Structures are given as C-alpha cells and as structure tokens.
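See below for the structure under consideration.
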Amino acid sequence: MKKLLTVLLGSVLVAACQTAPKVQEASADKPVVYFTRDISPEGLVKIYDKISQNIDGKVAIKFHTGEPHGPNILPVPMVKALWKHIPGSTLVETNVFYDSPRQTTQGHRETLKTNGWTFSRVDILDEDGAVMLPVKGGKHFKEMSMGSHVLNYDSLVVLTHFKGHTMGGYGGSMKNIAIGMADGKIGKKMIHQKGDSQWGYTGARFQENMVESAKATVDHFGKKIVYINVLRRMSVDCDCAGTSAAEPKAHDIGILASTNIVAVDQASLDKVYALPEAELHDLKERIESREGLRQISYMKELGMGTGEYTLVDMDK
C-alpha cells in the first residue's frame with residue numbers, strides 16, 4: 001500500500017509539472033522586461049529610465065502620429081513628457097503607403113497639427129528620400145529601404161501603442177519599426193506589394209517581410225535601441241484606421257519596456273492572452289487569423305531574441 005501511494009503521488013507531481021504554467025525566474029541569460037500599470041506621463045518616464053543606459057547622442061523617438069482624430073493614439077501629454085525627458089531627442093515618423101493625408105510630407109504635417117503633435121518638431125524620416133540598410137540573414141530581402149534621416153540619429157527609442165492590426169494581427173515594437181521606419185514609396189512597397197497587388201503579401205510571408213525590415217533597424221542601432229509597448233485602447237484595428245477603428249473590448253493593462261525586441265513583444269502578448277475570454281476573443285482571433293504569432297517565431301530564427309524574459313513588476 002505504501003509503495004502504491006508513492007507511485008500515485010509521483011504521478012500527480014509529474015502531471016502538475018506538465019500542466020502548471022512556467023514561472024519566469026530571474027536569470028542573467030534572460031532580458032528583463034519591466035512592467036507598470038501606471039499609464040501616465042509619470043509612469044512612462046519612470047519605466048523608460050529603467051532601460052535608458054545606452055541611449056545617448058541624437059535620439060529618435062519613433063511613435064505613431066495616427067490618422068486625423070484617431071481615438072486610440074497615445075495621449076499627447078505622455079509623448080510630450082518622454083520627449084522632454086530625453087536630452088537631444090526628436091519625434092520621428094515616415095509617410096504611409098496607403099491612401100491617406102499622411103501619404104505626402106505636406107499632408108502628414110497637416111495631420112500632425114490636427115492630432116496635437118505641435119509641441120515639437122516631428123522629423124518625417126523620408127521627407128528627403130530613402131537609404132538602404134542591410135538585412136543580415138534575411139531570406140526575402142538583403143536590404144531594406146528606410147527614410148534617409150535615420151542616419152542622422154545615434155539612438156532610437158521605439159514608443160509603441162500595442163494593439164491589433166488589420167494585416168499584422170497585432171502591432172507591437174517589431175511592427176512599429178518594420179513598417180514605421182521603412183519609407184513610404186519604396187520600403188513599404190517592398191514589404192506589402194506582390195506583383196501588381198498593393199497588399200499582395202499576407203499571412204506568414206507578410207510577417208516575415210516585416211521581421212526582416214525590423215532587423216535592419218535593430219542591427220543599425222545595435223545596443224542603442226530600446227522598446228516601450230503601451231497596452232491601452234487595444235482595438236483590433238491599428239491607428240491607421242483612424243476614426244473607423246473598432247471600439248476596444250480589452251481593458252487597459254499597462255506599459256512594458258525592454259532592451260530586447262522579442263522579449264517586449266512576447267511579454268505584451270502574454271499579458272493580452274491572460275485577459276478574460278470576453279476581452280481576449282476579438283484580439284486573439286485577429287492575431288491568429290493573420291498568423292501574427294509568426295512575428296515572434298521568425299524573430300527567434302533570425303537571432304533577435306529567444307522570447308524568454310524576466311518580468312519585473314515596478315508596482316510591487
């Protein structure tokens with residue numbers, strides 16, 4: 001009887017180990033992802049300071065300007081606070097590939113005024129053309145066309161509104177620089193257009209195109225690039241949808257930040273997938289129907305990170 005109980009207890013422990021969620025333990029091998037529930041100017045500045053050690057010189061802050069009157073873009077006071085906090089920083093964007101006022105630099109600047117981005121100069125990176133950056137290890141691209149002004153900066157802060165996305169499934173730090181640093185006329189066309197079809201690349205191939213574009217930017221800045229994902233107003237649609245974006249069903253979660261792009265996007269997905277089913281359903285369907293999780297797996301294949309991380313809750 002004693003032997004039987006020992007066997008049964010052992011079976012229960014094995015089953016528990018197989019089904020229980022893995023607990024992330026602190027490790028020197030795992031990048032740290034910081035987390036705060038404080039979605040405010042103060043919270044954003046505080047979490048940035050945790051990852052800012054290598055950010056210096058001329059600093060570009062890549063953010064989303066959004067379509068006119070977009071309801072989900074990051075609040076102006078938050079972006080302004082971060083910009084003021086980082087010496088030598090400039091807000092940057094690129095023109096878009098789709099039909100929009102932001103397709104031209106002139107129209108983009110009008111949208112900047114409409115959406116309140118008037119407290120500082122915003123550098124439209126492709127205003128004066130494009131430059132090719134190498135894509136190391138890419139299977140689809142050997143180089144990617146970027147807004148030429150990217151060469152004017154020493155460091156890059158990737159400030160991302162994390163949300164769903166019509167083609168990508170979701171938009172995190174990777175998507176922000178993959179599409180957002182590519183110039184509007186050449187780079188974005190390389191990522192999106194297949195033959196004569198403007199939106200020809202979809203599914204896994206589109207995700208891979210984005211990852212290779214992002215890798216060009218990551219490699220260019222090396223250790224002088226950091227990533228911040230703000231998980232608020234998480235519609236299934238991106239900020240490019242403007243006023244037609246679906247109303248978010250998920251509650252605001254917080255801010256995540258890291259020096260590793262795979263870790264910060266993986267941690268953001270983990271937070272989203274932990275939402276109650278009623279809040280998660282639409283986002284999950286959008287992500288998985290577009291094969292959005294290929295973003296993470298392909299970044300791993302290209303050596304951009306492992307997806308493992310140590311989560312540090314700054315509120316505790």
Side-chain angles (χ1 to χ4, degrees), residues 60-67 90-109 111-112 122-153 156-160 165-222 225 227 238-240 261 265 290 292 294-295 298-299 302 304:
I61 303 175
K62 174 61 185 72
F63 76 126
H64 304 273
T65 55
E67 289 301 305
T90 303
L91 299 173
V92 306
E93 254 283 29
T94 56
N95 293 320
V96 302
F97 186 50
Y98 57 88
D99 186 20
S100 160
R102 295 193 298 148
Q103 208 169 22
T104 67
T105 299
Q106 182 179 354
H108 205 148
R109 294 205 182 283
T111 303
L112 292 175
V122 175
D123 186 0
I124 308 299
L125 296 177
D126 53 342
E127 180 175 10
D128 298 313
V131 62
M132 288 290 187
L133 295 183
V135 178
K136 300 173 184 176
K139 64 182 181 181
H140 305 302
F141 304 115
K142 298 305 178 187
E143 57 184 6
M144 180 52 60
S145 184
M146 303 288 181
S148 64
H149 292 184
V150 67
L151 301 180
N152 297 338
Y153 297 95
L156 180 63
V157 175
V158 184
L159 177 60
T160 303
H165 189 271
T166 304
M167 294 188 68
Y170 73 95
S173 284
M174 191 283 290
K175 185 267 172 188
N176 187 2
I177 57 173
I179 303 295
M181 297 294 286
D183 70 288
K185 293 184 177 179
I186 304 172
K188 289 181 174 67
K189 183 177 181 179
M190 292 169 66
I191 298 167
H192 283 287
Q193 186 163 321
K194 182 180 181 181
D196 294 330
S197 176
Q198 184 176 11
W199 312 112
Y201 288 117
T202 59
R205 173 58 192 272
F206 175 66
Q207 311 297 348
E208 292 175 2
N209 286 357
M210 285 204 297
V211 170
E212 292 191 10
S213 175
K215 192 172 191 302
T217 294
V218 171
D219 289 345
H220 175 73
F221 283 99
I225 182 171
Y227 312 92
C238 69
D239 296 335
C240 55
I261 190 170
D265 275 3
R290 271 62 169 181
R294 180 59 178 151
Q295 295 182 27
Y298 195 48
M299 281 196 286
L302 290 184
M304 299 168 72

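The structure presented is a predicted model; accordingly, all values stated were derived computationally and were not measured.
Looking only at distances, a side-chain donor or acceptor of Asp265 sits under 3.5 Å from a matching main-chain atom of Met174. Judged by distance alone, with hydrogens and angles left aside, the side-chain atoms of His64 form no donor-acceptor pair with the main-chain N or O of Gly66 at under 3.5 Å. Remark: side-chain polar atoms of Thr94 are paired, donor with acceptor, to backbone N or O of Gly180 under 3.5 angstrom.
Applying the side chain to side chain contact (heavy atoms under 4.5 Å, CB included) rule to Pro101 yields the partners Glu67, Pro68, Thr111; only residues at least two apart in sequence or on another chain are considered. In this structure Arg109 satisfies the side-chain hydrogen bond (donor to acceptor under 3.5 Å, both in side chains) test together with Glu127, sequence neighbours excluded. Listed by chain and residue number, Asp219 satisfy the salt bridge (Lys or Arg N to Asp or Glu O under 4.0 Å) test with Lys215 (two or more places apart in sequence, or in another chain).
Among all heavy-atom pairs drawn from Ala182 and Ser213, the shortest one is CB-OG, 4.4 Å. The heavy-atom pair separating Ser173 from Tyr227 by the smallest distance is OG-CB, 3.4 Å.
Annotation: the span from Phe97 atom CZ to Gln103 atom CD amounts to 8.5 Å, rounded to 0.5 Å. In this structure, OG1 in Thr105 is found 4.0 Å from CG in Asn95, a value given to the nearest 0.5 Å. How far OH of Tyr153 is from CG of Leu125: 6.5 Å, rounded to the nearest 0.5 Å. In this structure, Tyr170 OH and Lys175 NZ are separated by 12.0 Å, a value rounded to the nearest 0.5 Å. A distance of 6.5 Å separates CD1 of Ile177 from CG of Leu156, quoted to the nearest 0.5 Å. Distance check, rounded to the nearest 0.5 Å: CE of Met299 to CD1 of Ile261 gives 5.5 Å.
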Distance-only donor-acceptor hits, side chain of residues 141-152, under 3.5 Å, sequence neighbours excluded:
{"from": "Lys142", "atom 1": "NZ", "to": "Gly138", "atom 2": "O", "distance (Å)": "3.1"}
{"from": "Ser145", "atom 1": "OG", "to": "Asp183", "atom 2": "OD1", "distance (Å)": "2.5"}
{"from": "Ser148", "atom 1": "OG", "to": "Gly129", "atom 2": "O", "distance (Å)": "3.3"}
{"from": "His149", "atom 1": "ND1", "to": "Asp123", "atom 2": "OD1", "distance (Å)": "2.6"}
{"from": "His149", "atom 1": "ND1", "to": "Asp123", "atom 2": "OD2", "distance (Å)": "3.4"}
{"from": "His149", "atom 1": "NE2", "to": "Asp128", "atom 2": "OD2", "distance (Å)": "2.7"}

Would you list the atom pairs, donor with acceptor, under 3.5 Å between side chains in residues 190-197 and any protein atom, with sequence neighbours excluded?
{"from": "Gln193", "atom 1": "NE2", "to": "Gly195", "atom 2": "O", "distance (Å)": "3.0"}
{"from": "Ser197", "atom 1": "OG", "to": "Gly200", "atom 2": "N", "distance (Å)": "3.4"}

Exercise answer: donor-acceptor pairs, residues 201-208 side-chain atoms, under 3.5 Å, sequence neighbours excluded:
{"from": "Arg205", "atom 1": "NE", "to": "His140", "atom 2": "ND1", "distance (Å)": "3.4"}
{"from": "Arg205", "atom 1": "NE", "to": "Asn209", "atom 2": "OD1", "distance (Å)": "2.8"}
{"from": "Gln207", "atom 1": "OE1", "to": "Gln295", "atom 2": "NE2", "distance (Å)": "3.1"}
{"from": "Gln207", "atom 1": "NE2", "to": "Gly168", "atom 2": "O", "distance (Å)": "3.1"}
{"from": "Gln207", "atom 1": "NE2", "to": "Arg290", "atom 2": "O", "distance (Å)": "2.9"}
{"from": "Glu208", "atom 1": "OE1", "to": "Lys139", "atom 2": "NZ", "distance (Å)": "3.4"}
{"from": "Glu208", "atom 1": "OE1", "to": "His140", "atom 2": "NE2", "distance (Å)": "2.7"}
{"from": "Glu208", "atom 1": "OE2", "to": "Arg294", "atom 2": "NE", "distance (Å)": "2.9"}
{"from": "Glu208", "atom 1": "OE2", "to": "Arg294", "atom 2": "NH2", "distance (Å)": "2.9"}

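Using modelled atom types and a 3.5 Å distance limit, the side chains of Lys62 and Thr217 yield no donor-acceptor pair. At a cut-off of 3.5 Å, with distance as the only test, a side-chain donor of Glu212 or Tyr298 sits close to an acceptor on the other residue.
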